[in-house]
Number of protein chains: 2
Amino acid sequence: MLSTSSVQPLSLERLRTACSTCGLRELCLPVGLSQPEMDRLDDLISLRRTTKKGQSIYRAGDRFDAIYAVRSGFFKTNVLLEDGRDQVTGFYMGGELIGMDGIGTELHTCDAIALEDSEVCVIPFSRLEDLSREVQALQHHFHKVMSREIVRDHGVMMLLGSMRAEERLAAFLVNLSQRFTARGYSPSEFYLRMTREEIGSYLGLKLETVSRVFSRFQDEGLVSVQQKHIRIIDIPRLKQVMSHQQPC
Amino acid sequence: MLSTSSVQPLSLERLRTACSTCGLRELCLPVGLSQPEMDRLDDLISLRRTTKKGQSIYRAGDRFDAIYAVRSGFFKTNVLLEDGRDQVTGFYMGGELIGMDGIGTELHTCDAIALEDSEVCVIPFSRLEDLSREVQALQHHFHKVMSREIVRDHGVMMLLGSMRAEERLAAFLVNLSQRFTARGYSPSEFYLRMTREEIGSYLGLKLETVSRVFSRFQDEGLVSVQQKHIRIIDIPRLKQVMSHQQPC
DNA sequence: CTCGCCGCTTGATGTGGATCAAACTGTGGA
DNA sequence: TCCACAGTTTGATCCACATCAAGCGGCGAG
């Protein structure tokens, strides 16, 4: 049992891992399902997978056959260019779905890598489609999840295409804060699971720039930064920075 | 009949606009459907909509209730920030689907604007979901289309986050060339429907930079540019530029 | 507890693309 | 037909962020 990325069928653990009893069910795939519908979804999700920090749940080029719901932990997704350049395309936390990039071609187009020891629910995709044909609420919610991923990507495109470094980092922190809040954590105090380099890659900046902007934010009393420990002191002002409305 | 964005039921035109006889069916929603299945899809798509250059099929904030397949013409989608900044998030041509951004919130999150006089098929979304529950091939293909939109967005994020101006424009031209080719047009000669400013907005560049890079490409014998008329002279070299492999 | 290293911070300098400015051109409308 | 103007090109200058460089500090392995 020392294997670092193990796949294990549910058995006695079943009750503990069922969607119905999962603390993340209001954020995850079962949103809007009745109890019997949720039971049917449970039948489908019979595998969990634990992943150690640094390991992947899939790599670009891997055959696609499942999507993954983050049960615990933190992930990033990474696209690669032939010439070696790469870019972080997203960070994922509890209740969020990873892997929808693979549906279009039956092959994954990015790497999904754990930023800390993590656990995901494996959702076999063809069985999800089967069930979606029978359970309208599931079908509709899945479409919403994919649509939101598209909208999120548009937000990142906006950020990369027309925001300056301070605005990008402010937007990033505000977004993280909101997602932590939705999960019952503090809106103002959290640990970053990713390095400055990963943040930079996601935001289209170099790690030095990320570091400098953090320092500037700290000097201005917006946040307190100690390595990966972040405390947001002034969320409203951070939102102003994000929206270009610096008070001169 | 002078209204600029008219909605008209199909009647005698029916045969002409049915998916089954549409030249774009191999690129559009009906991919992989049998004849009877395609007939059922036809039943659902009972509206076409013509849109004059400059007009929108929907705006950010509009209620979402349909997606749109481009029948003819050319569109852009635009996201807006409160502070007035905006960004082009995509260009769409025949056979491509617009509007999936609205599924997540029931509201559209961007504007969809015609870059020339155009026509779209209106696909009522709830009826599309109904039919998807009965026709597996349709369900699966729709999922593929959404997934590809996500993958395309990741490509743009890569481009915006880690490519230089010349690489971006080269990637843009290669992409357009491929899409025109798939539609039976010349891979090397086409008219741009968008302005330098719109290209720049999409690529995270200013219009002056786009213009300068076009000129540089022309000087180097990669393309011939006359306003919106583009002739790609050396596709392989353009692909090299895109991949950072400048021959010193 | 200590060592080594990875990740972070900070400074100095360089540069790609933005900005400002001016002139040119093709097009659509009166 | 001609005018007005939106869109484009090109040049000069500027600046935000990249790059290069050096030192720091916290954490995990032993």
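Numbered from 1 within each chain, the chains take letters A, B, ... in sequence-line order.
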Covered region of DNA chain C, 5' end to 3' end, by chain B [heavy atoms, under 4.0 Å]: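 For DNA chain C, the relevant span reads C/dG16 to C/dG26.
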B/Met157 backbone acceptor or donor facing A/Gln87 side chain under 3.5 Å: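 Yes: the side chain of A/Gln87 pairs with the backbone of B/Met157.
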If I take atom [atom1] in residue [X] and atom [atom2] in nucleotide [N], what distance separates them, rounded to the nearest angstrom?
| X | N | atom1 | atom2 | answer |
| --- | --- | --- | --- | --- |
| A/Arg212 | D/dA18 | CZ | P | 9 Å |
| A/Glu208 | D/dG23 | CD | P | 16 Å |
| B/Lys206 | D/dG7 | NZ | C1' | 16 Å |
| B/Ile199 | D/dT9 | CD1 | C1' | 14 Å |
| A/Arg164 | D/dC15 | CZ | C1' | 9 Å |
| B/Glu197 | D/dT8 | CD | P | 9 Å |
| A/Leu169 | D/dA16 | CG | P | 17 Å |
| B/Phe214 | D/dT9 | CZ | C1' | 13 Å |

Checking all strands, does [X] fall into the base, sugar-phosphate, or nothing category for heavy-atom contacts under 4.0 angstrom?
| X | value |
| --- | --- |
| A/Gly200 | nothing |
| A/Gln227 | sugar-phosphate |
| A/Ser215 | sugar-phosphate |
| B/Thr195 | sugar-phosphate |

From CA spacing to verdict: salt bridge (charged side-chain N to carboxylate O under 4.0 Å, His left out), B/Arg183, B/Glu96: CA-CA 11 Å; B/Arg183 282 156 186 80; B/Glu96 296 176 334; 3.4 Å; yes
B/Lys53 or B/Thr209, whichever maps to the more 5' nucleotide of DNA chain C: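 Its nearest nucleotide lies further toward 5', so the answer is B/Thr209.
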5'-most by nearest nucleotide on DNA chain C - A/Leu207 or B/Arg216: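 Closer to the 5' end of DNA chain C: A/Leu207.
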OG-NZ distance between B/Ser177 and B/Lys239, expressed to the nearest 0.5 angstrom: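 If I round to the nearest 0.5 Å, the distance is 7.5 Å.
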Test of ring centre spacing under 6.0 Å for B/Phe190 and B/Tyr185: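 Aromatic pair excluded; centres sit 6.0 Å or further apart.
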Donor on one side chain, acceptor on other, A/Thr109 and A/Asp101, under 3.5 Å: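 Side-chain D/A pair, A/Thr109 to A/Asp101: present.
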D/dG7 phosphate, OP1 or OP2, under 4.0 Å from B/Lys228 side-chain N/O: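 No, outside the criterion.
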Phosphate-side-chain proximity, B/Arg196 and D/dT9, N/O vs OP1/OP2 below 4.0 Å: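 Indeed, a polar side-chain atom of B/Arg196 lies that close.
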Candidate pair A/Glu167 and B/Arg85, rule salt bridge (charged side-chain N to carboxylate O under 4.0 Å, His left out), full reasoning: CA-CA 13 Å; A/Glu167 293 164 359; B/Arg85 282 180 290 185; 2.7 Å; yes
B/Lys53/B/Asp117 under salt bridge (charged side-chain N to carboxylate O under 4.0 Å, His left out): CA gap, chis, key distance, verdict: CA-CA 5 Å; B/Lys53 178 175 178 173; B/Asp117 294 357; over 6 Å; no
